[in-house]
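Shown next, in structure tokens, is the structure this report addresses.
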Protein chains: 2
Amino acid sequence: MARSDAPDRDDGRFSYEGLDRVIHEKARLSVLTSLVAHPKGLAFPDLKRLCNLTDGNLSRHLAVLQEADLVSLEKGQVQNRPQTLCRLTPAGRGRFLEYLTVLEQVVRDAARAAGPASDLATKTA
Amino acid sequence: MARSDAPDRDDGRFSYEGLDRVIHEKARLSVLTSLVAHPKGLAFPDLKRLCNLTDGNLSRHLAVLQEADLVSLEKGQVQNRPQTLCRLTPAGRGRFLEYLTVLEQVVRDAARAAGPASDLATKTA
DNA sequence: ACGGTTCGCTTTGCGATGCAAAGTAGAGCC
DNA sequence: GGCTCTACTTTGCATCGCAAAGCGAACCGT
């Protein structure tokens, strides 16, 4: 039993605990990136187009994001039509940026490992 | 009907279609990053420790990755013990690198949008 | 003014998926 | 010969993403 007690210092080296499940999801990552790029907020239909999502899909993900207090949904009326304005909450922005640093770490780890030879940006010759 | 026919040029700007679902998963992303960092391959227990995964979890994800032809599993015996050696397939390496370029794009989009002001990598030219 | 259509969004249903707990198999001790 | 440890696999559940259907309020033509 002595053996498995010795924790390699590399334990969890690649576990990336910081990859929040709520954020780390194609659709929601898209939404959040869109929102961070539009600090004034985005209307439901715009978000839908930017992220190439269906109505139902976007609705669901927004609910999840709101539940997690990452985005705020402001339902109002514009030109006598309902309009939901989606915005990143301050907390959401913070958590998203945190998440991003982890993502950067992943990219760096991988790029470094892949070797300077096979550069990512420049495709393999 | 004429209106919605006009596709904004920004349509899908943030949809990131390239984020392969098989790869874009916390656990599997960990596994793949570990593997790209260890071109000679990794044994099941090592991978398990590096990624902080349970046996069952790792087993399942490896099966998925193998199914997708991203990794190869070589089951053998070492010192009279079973040992599964996991390696990235050439195709797997390629697809992972592709995925990474998209990830980079996400990070870049977000970092730029978050504003050069807010840290992150803060080395935006 | 009223039927139909469109817009904006929500709900429902289902198939897929991640995860953990339990299960299997063989090697090494006692 | 049983006990245990390592190395995985399988099973079961609960969650989740997704698409299709639903819903209601405006607007439009007649």
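Here is the naming used below: chain letters follow the sequence lines, and residue numbers restart at 1 for every chain. Just so you know, these numbers use all the heavy atoms, side chains as well, and skip hydrogens, waters and symmetry mates.
Among the atoms of the strands shown, only primed sugar atoms or phosphate atoms (P, OP1, OP2) are found under 4.0 Å from some heavy atom of B:Lys75.
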| Does the salt bridge (Lys or Arg N to Asp or Glu O under 4.0 Å) test come out yes or no for B:Glu25 and A:Arg21, once each step is laid out? | CA-CA 9 Å; B:Glu25 159 67 35; A:Arg21 282 206 135 272; 2.9 Å; yes
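Between B:Asn57 and B:Lys48, the closest side-chain pair of non-hydrogen atoms is not below 4.5 Å. Side-chain contact between A:Asn52 and B:Tyr16 is absent, with no heavy atoms from C-beta onward closer than 4.5 Å. Side-chain contact between A:Leu53 and A:Val31 is present, with at least one heavy-atom pair separated by less than 4.5 Å. Within the 4.5 Å cutoff, the side chain of A:Leu29 has heavy atoms near those of the A:Phe96 side chain. The side-chain heavy atoms of B:Gln83 and B:Phe44, taken from C-beta on, include no pair separated by under 4.5 Å. With a 4.5 Å cut-off on side-chain heavy atoms, A:Leu73 and A:Leu65 do not count as touching.
One interatomic measurement links the two molecules: CG of B:Leu42 to P of D:dA7, which rounds to 14 Å at whole-angstrom precision. For the pair B:Leu19 CG and D:dC18 P, the computed distance is 12 Å after rounding to whole Å. Atom CG of B:Leu58 and atom C1' of C:dT17 are 16 Å apart (whole Å). Put simply, CZ on A:Arg49 is 10 Å from P on C:dC7, counting in whole angstrom units. In this structure, CD of B:Glu67 is placed 14 Å from P of C:dA16, rounded to the nearest angstrom. Rounded to an integer number of Å, the gap from CG of A:Leu62 to P of C:dG8 is 15 Å. A:Leu65 places its CG atom 13 Å from the P atom of C:dT10, with the value rounded to the nearest Å. Spacing between atom NZ of B:Lys48 and atom P of D:dT9 amounts to 12 Å, rounded to whole angstrom units.
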Taking only N/O atoms, report every protein-nucleotides 18-23 of chain C pair under 3.5 Å with atom names and distance.
unit_1	atom_1	unit_2	atom_2	d
C:dG18	OP1	B:Arg28	NH1	3.0
C:dG18	OP1	B:Arg28	NH2	2.5
C:dG18	OP2	B:Arg28	NH1	3.2
C:dG18	O3'	A:Arg21	NH2	3.1
C:dC19	OP1	A:Arg21	NE	3.3
C:dC19	OP1	A:Arg21	NH2	3.2
C:dC19	OP2	B:Asn57	OD1	3.4
C:dC19	OP2	B:His61	NE2	3.2
C:dC19	N4	B:Arg60	NE	3.2

| message | Output one letter per nucleotide in nucleotides 24-30 of chain C: B when a protein non-hydrogen atom lies under 4.0 Å from the base, S when only the sugar-phosphate is that close, - when neither is. | response | ---SS--
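The side chain of A:Thr84 places an N or O atom within less than 4.0 Å of a non-bridging phosphate oxygen (OP1 or OP2) of C:dC9.
In this structure B:Ala91 satisfies the side chain to side chain contact (heavy atoms under 4.5 Å, CB included) test together with B:Asp69, B:Thr89, sequence neighbours excluded.
B:Leu62 and B:Leu85 are assigned to two separate hydrophobic clusters, defined by single-linkage of ILVMFWY side chains at heavy-atom distances under 4.5 Å.
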